[in-house]
2 protein chains.
Amino acid sequence: MDENNIRDILIEKGLKITPQRVIVWDALMNLKDHPTADHIITEVRKENPNIAVGTIYKTLETFVEQRIIERVKTDKDTMRYEVVMDKHHHLYCAESGKIDDYYDSELDEMLKEYFKNKNIRNFKIEDYKLQITGKFINK
Amino acid sequence: MDENNIRDILIEKGLKITPQRVIVWDALMNLKDHPTADHIITEVRKENPNIAVGTIYKTLETFVEQRIIERVKTDKDTMRYEVVMDKHHHLYCAESGKIDDYYDSELDEMLKEYFKNKNIRNFKIEDYKLQITGKFINK
DNA sequence: ATTATTGCAAAGACTTTGCAACTCC
DNA sequence: GGAGTTGCAAAGTCTTTGCAATAAT
């Protein structure tokens, strides 16, 4: 897809451009959702069965360190990942384990205002995210 | 400590009162924070080295199912647990992995108002919790 | 040429499971 | 007495690691 993109990112971060990293990135692009490592491994190996599982884990770890992607908090599941993006919140379905992104700039604005004038004792706020739990309704 | 408490809870949930369950509960009471299974196992075994690890895991699972405790979302760590309590939010320290509770009724009220008039497409909201990331400051 | 990265397989951490023995109601 | 629980050890799942071989700058 937009392969230049990841190449630029890797250069910027001072990481070597390897086929493996590009392929893992492409898999992340294809898997829009919040894939587990296992989803990513399956996706990668569809086309490249030769890439080692350990390499994929190491690549994900590297991406997380470099803030190219983020781990997503889950409360039961195994770890999930997502590409770092615009500010958003998460919808969790307790039943299915599905996670969706939730964008709401009005909410963001409100929280920003709120925390501008609010200090938490002994804590320096860097970011916040709302985890909304509930159920997805059939469309 | 307040042992009647857990006995009542177990009765209410239709679970048998066993020494093991009471002991795990006591450990949870002693470990205020957001203990991992391993913390809990260590705490339990201090006094009762005879209780099986599998039993502790099973007990925690049962408590979660019965909504006596909750799993806490972590983004790297192993699973953590907490006793179900009043509405609160979480402060996460990325550096140390420490999690603290954050109570803020003003914030709760504001969010409640906000979501009263806000529908999310295809999603039925049941609860929400703010995860605030940042750093704990030395006191 | 130098240094980072990969593949592989083994080890590690954490959690679950199967089942006979045992407890609680 | 009977259903629900426990202990135990083995198996499972997910992830990390060590290191020689290999590839990127």
Side-chain angles (χ1 to χ4, degrees), chain A residues 3 6-27 34-45 47-66 68-81 97, chain B residues 3 6-27 34-45 47-66 68-81 97:
Chain A
E3 203 170 290
I6 183 60
R7 292 173 160 272
D8 290 347
I9 293 171
L10 290 174
I11 289 167
E12 193 204 331
K13 304 286 186 182
L15 296 172
K16 288 186 177 163
I17 297 168
T18 66
Q20 291 84 348
R21 283 174 179 160
V22 174
I23 288 163
V24 170
W25 175 258
D26 287 348
H34 298 80
T36 61
D38 194 51
H39 292 149
I40 296 163
I41 290 165
T42 306
E43 178 69 17
V44 164
R45 299 197 138 200
E47 308 280 338
N48 304 82
N50 41 313
I51 295 185
V53 168
T55 300
I56 297 175
Y57 274 106
K58 256 180 274 187
T59 302
L60 291 171
E61 179 61 27
T62 305
F63 285 3
V64 169
E65 277 169 9
Q66 297 294 333
I68 296 168
I69 65 176
E70 283 176 353
R71 292 180 208 276
V72 177
K73 294 185 164 62
T74 63
D75 66 4
K76 185 173 190 176
D77 257 21
T78 51
M79 195 49 61
R80 288 168 180 271
Y81 299 86
Chain B
E3 202 169 291
I6 183 61
R7 292 175 160 271
D8 292 348
I9 293 170
L10 292 173
I11 290 167
E12 191 206 331
K13 303 286 186 183
L15 296 172
K16 287 186 177 163
I17 298 168
T18 67
Q20 291 83 348
R21 282 172 180 163
V22 174
I23 289 163
V24 170
W25 175 257
D26 287 348
H34 298 80
T36 60
D38 195 51
H39 292 148
I40 296 163
I41 290 165
T42 305
E43 177 69 18
V44 164
R45 299 197 139 198
E47 308 279 340
N48 303 83
N50 41 314
I51 296 184
V53 168
T55 300
I56 297 175
Y57 274 106
K58 255 180 272 184
T59 302
L60 291 172
E61 180 60 28
T62 305
F63 285 2
V64 169
E65 276 169 8
Q66 297 295 332
I68 297 169
I69 64 175
E70 283 177 352
R71 291 180 209 275
V72 176
K73 295 185 164 60
T74 62
D75 65 3
K76 186 172 190 179
D77 257 19
T78 50
M79 194 49 60
R80 290 168 179 272
Y81 299 86

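A, B, ... follow the sequence lines: proteins, then strands. Residue 1 opens every chain.
No side-chain donor-acceptor contact under 3.5 Å links A:Arg80 to the backbone of A:Val72. A:Arg21 places a side-chain N or O within donor-acceptor distance of the main-chain N or O of A:Lys16, the cut-off being under 3.5 Å. Panel note: side chain A:Lys13, backbone A:Gln66; a donor-acceptor pair is recorded below 3.5 Å.
For the pair A:Lys13 NZ and C:dA4 C1', the interatomic distance rounds to 18 Å; values are reported in whole Å. One interatomic measurement links the two molecules: CD1 of A:Ile6 to P of D:dA24, which rounds to 16 Å at whole-angstrom precision. Distance, B:Ile56 CD1 to D:dT6 P: 11 Å, rounded to whole Å. Counting to the nearest Å, the P atom of D:dT5 and the CD1 atom of B:Ile51 are 15 Å from each other. For the pair B:Leu60 CG and D:dT6 C1', the interatomic distance rounds to 15 Å; values are reported in whole Å. Rounded to whole Å, the distance from CG on A:Leu10 to P on C:dT6 is 10 Å.
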Contact state string [nucleotides 9-25 of chain C, B base, S sugar-phosphate only, - no protein heavy atom under 4.0 Å]: -----SBBBB-----BS

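Taking each heavy atom of B:Glu61 and B:Arg71 in turn, the nearest pair found is OE1-NH2, 2.5 Å. Of all heavy-atom pairs spanning B:Val44 and B:Ile23, the tightest one is CG1-CG2, 3.8 Å. B:Ile51 approaches B:Arg45 most closely through the heavy-atom pair O-NH2, 2.8 Å.
Helix-axis bend for the helix from C:dA1-D:dT25 to C:dC25-D:dG1: the local axis fitted to the five terminal pairs at one end deviates from that at the other end by 40°, rounded to 10°.
Going from atom CD1 of B:Ile68 over to atom CG of B:Leu10 covers 5.5 Å, rounded to the nearest 0.5 Å.
In this view, A:Thr36 and A:His39 satisfy the side-chain hydrogen bond (donor to acceptor under 3.5 Å, both in side chains) rule, not counting sequence neighbours.
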